[in-house]
Trainee: 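Encoded as structure tokens, here's the structure I'll be asking about.
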Amino acid sequence: MSGDPILTFSKTVEEYSDAPESVIADILRGAVDLHCHSGPSVMPRSLDHLQAILEAQDAGMHAILFKDHYYSVTPVAKYIEETMPDLRLNLLTGVALNNTVGGLNPYAVDHMLKLGGHIVWMPTFSAANHLRHGHRHVILPTKERMLQPTGLSVVTDTGELKEEVKPILDMIAESDCVLSAGHLHISEIWPLFDEAKKRGVKRLLVNHPTFVIDANLRDIKELADMGAYIEHSFCMFINETYNKKFTGEQLKQLIEAAGVERTILGSDLGQAKNPHPVAGFRSVIRLCLGLGYSEADIRKMIGLNACRLMGLPEPQQAASAAAGS
């Protein structure tokens with residue numbers, strides 16, 4: 001898909017809505033964050049898992065997905081579920097197939113699934129593509145120096161899917177969990193998703209396609225057409241974050257490429273010096289209103305679409321509001 005621009009630059013100023021906070025709070029109820037980076041972690045974090053839960057619960061959110069690049073949060077989430085009788089939030093977890101869990105390791109996948117996890121991310125910080133981008137110590141800083149990662153790819157030198165990936169796809173299909181492309185390059189995602197679909201995987205996710213992944217607008221449209229959900233890390237679009245990289249107008253182009261029905265907005269927040277995920281959700285809701293999206297469309301992108309991807313029951317209030325608009 002080379003030759004197409006990733007994004008055009010028609011505006012440089014954000015369009016933020018002047019909607020009252022009560023409207024923002026109402027839209028936020030029922031939201032789902034599929035990209036929460038709380039701690040403990042070897043990476044510097046601004047909040048821990050429990051604080052993330054309490055803040056999301058207070059805001060009336062429906063679910064959060066804990067993502068750590070180094071370990072599966074599944075056992076921690078199960079412990080919290082067992083020890084918090086007043087929990088009013090769905091806790092989602094998975095495993096990222098990085099060096100710290102043995103790379104493309106079916107045993108790590110099996111363990112996560114048997115504990116009740118929900119998603120398998122292909123390699124992220126250990127992805128050869130990630131390392132080629134030179135981002136190891138830029139976007140994923142650690143508190144202390146870690147062992148140098150070994151680059152992982154899901155394809156051979158001739159572009160064919162590696163045999164060791166196929167049993168993992170079978171496990172994902174059998175459990176009906178979600179397959180995320182992690183930080184693989186777009187050229188690796190096509191053979192991965194093609195084989196996944198052949199093997200019965202129904203739930204496909206692409207994270208931040210214009211960051212590290214190197215997907216362009218046409219790629220995003222084709223990925224959505226093949227049934228994948230496209231998640232944009234809204235920490236890269238709102239003014240309040242230190243890692244803002246794109247404008248609101250660029251976000252609109254990305255949403256239009258996949259369509260509202262296939263777009264998910266996840267926070268990708270939890271880093272030290274950034275706002276907490278719930279505060280980030282308020283900002284992206286305001287941004288989307290300023291870009292002209294209806295409350296119903298925003299509810300889909302911040303919650304309902306994530307429910308459909310993850311197989312969660314939809315929060316009644318959000319579903320009713322989206323259907324009645």
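Computed over heavy atoms, backbone and side chain alike; hydrogens, waters and symmetry mates excluded.
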Trainee: Salt bridge or not for D225 and K221, using N-O below 4.0 Å?
Mentor: yes
Trainee: If only side-chain N and O atoms count, and only distance matters, is there a donor-acceptor pair under 3.5 Å linking Q271 with S46?
Mentor: no
Trainee: For residues T150 and N99, is any side-chain donor paired with an opposing acceptor at under 3.5 Å?
Mentor: no
Trainee: Does D26 pair with R29 as a salt bridge, N-O distance under 4.0 Å?
Mentor: yes
Trainee: Between the main-chain N or O of H35 and the side-chain N or O of S267, is there a donor-acceptor pair closer than 3.5 Å?
Mentor: yes
Trainee: Between M61 and V32, is the side chain to side chain contact (heavy atoms under 4.5 Å, CB included) condition met? List the steps.
Mentor: CA-CA 6 Å; M61 291 179 64; V32 174; over 6 Å; no
Trainee: With V212 as reference, evaluate N129, I186, L184, N207 under the side chain to side chain contact (heavy atoms under 4.5 Å, CB included) test and give the passing residue.
Mentor: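 Single side chain to side chain contact (heavy atoms under 4.5 Å, CB included) partner of V212 among N129, I186, L184, N207: N129.
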Trainee: Just checking Y70 against F125, ring centres under 6.0 Å apart?
Mentor: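 Centroid distance Y70-F125: below 6.0 Å, so yes.
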Trainee: Would you say the side chains of D214 and H133 form a donor-acceptor pair under 3.5 Å?
Mentor: yes
Trainee: Would you say CD of E174 has more than 12 non-hydrogen atoms from neighbouring residues, nucleotides or ligands within 6.0 angstrom?
Mentor: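 Count not over threshold, so no.
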Trainee: Return the CG to CG distance between L192 and L161, rounded to the nearest 0.5 Å.
Mentor: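 That separation rounds to 6.0 Å.
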Trainee: Side chain of Y16, backbone of N239: donor and acceptor closer than 3.5 Å?
Mentor: yes
Trainee: Using distance alone, with no hydrogens and no angle criterion, decide if Q253 and E249 have a side-chain donor and acceptor under 3.5 Å apart.
Mentor: no
Trainee: Does atom NZ of K162 have more than 12 heavy-atom neighbours from other groups under 6.0 Å away?
Mentor: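 Count over threshold, so yes.
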Trainee: Under the side chain to side chain contact (heavy atoms under 4.5 Å, CB included) rule, what do H62 and L89 come out as? Steps first, then yes or no, please.
Mentor: CA-CA 5 Å; H62 187 52; L89 193 71; 5.7 Å; no
Trainee: Is it true that, when you exclude H111 itself, more than 12 heavy atoms of the residues, nucleotides or ligands shown sit nearer than 6.0 Å to its NE2?
Mentor: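 Result for NE2/H111: open.
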Trainee: Let's go through E261 and R308 carefully: what are the C-alpha distance in whole Å and the side-chain angles of both, what is the deciding distance for side chain to side chain contact (heavy atoms under 4.5 Å, CB included) to 0.1 Å, and is it a yes or a no?
Mentor: CA-CA 10 Å; E261 301 295 332; R308 292 162 190 156; 4.0 Å; yes
Trainee: I would like to know whether L28 and V278 meet side chain to side chain contact (heavy atoms under 4.5 Å, CB included); could you show each step before the answer?
Mentor: CA-CA 9 Å; L28 178 57; V278 170; 4.0 Å; yes
Trainee: When you check the side-chain N and O atoms of N98 and T124, is any donor under 3.5 Å from an acceptor?
Mentor: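 A pair is found: one side chain offers a donor N or O, the other an acceptor, under 3.5 Å apart.
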Trainee: Using every non-hydrogen atom in the two residues, find where F237 and K244 come nearest and quote the distance to one decimal.
Mentor: O-CE, 3.5 Å
Trainee: Report yes or no: is the cationic atom of R262 (NZ for Lys, CZ for Arg) under 6.0 Å from the centre of the six-membered ring of Y229, at an angle within 45° of the ring normal?
Mentor: yes
Trainee: Could you check, using the six-membered ring where one of them is a Trp, whether H37 and H49 have ring centers closer than 6.0 angstrom?
Mentor: no
Trainee: Would you say the side-chain atoms of S233 pair up with the backbone N or O of M236, donor to acceptor, closer than 3.5 Å?
Mentor: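 Side chain of S233 to backbone of M236, a donor-acceptor pair under 3.5 Å: no, none is there.
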Trainee: Looking only at heavy atoms, what is the nearest atom pair of L104 and S153, with distance?
Mentor: CD1-O, 3.8 Å
Trainee: State whether the number of non-hydrogen atoms from other residues, nucleotides or ligands found under 6.0 Å of D157 atom CG is greater than 12.
Mentor: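 No, the 6.0 Å shell around CG holds no more than 12 heavy atoms from other groups.
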Trainee: More than 12 foreign heavy atoms under 6.0 Å from NZ of K166: is that the case here?
Mentor: yes
Trainee: Can a side-chain donor-acceptor contact be found between N274 and T241 if the only test is distance below 3.5 angstrom?
Mentor: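 There is no such pair (donor and acceptor under 3.5 Å, judged by atom type) between the side chains of T241 and N274.
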Trainee: What is the minimum heavy-atom distance between T74 and G117, and which atoms define it?
Mentor: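 Here T74 and G117 meet closest at CG2-N, 3.9 Å.
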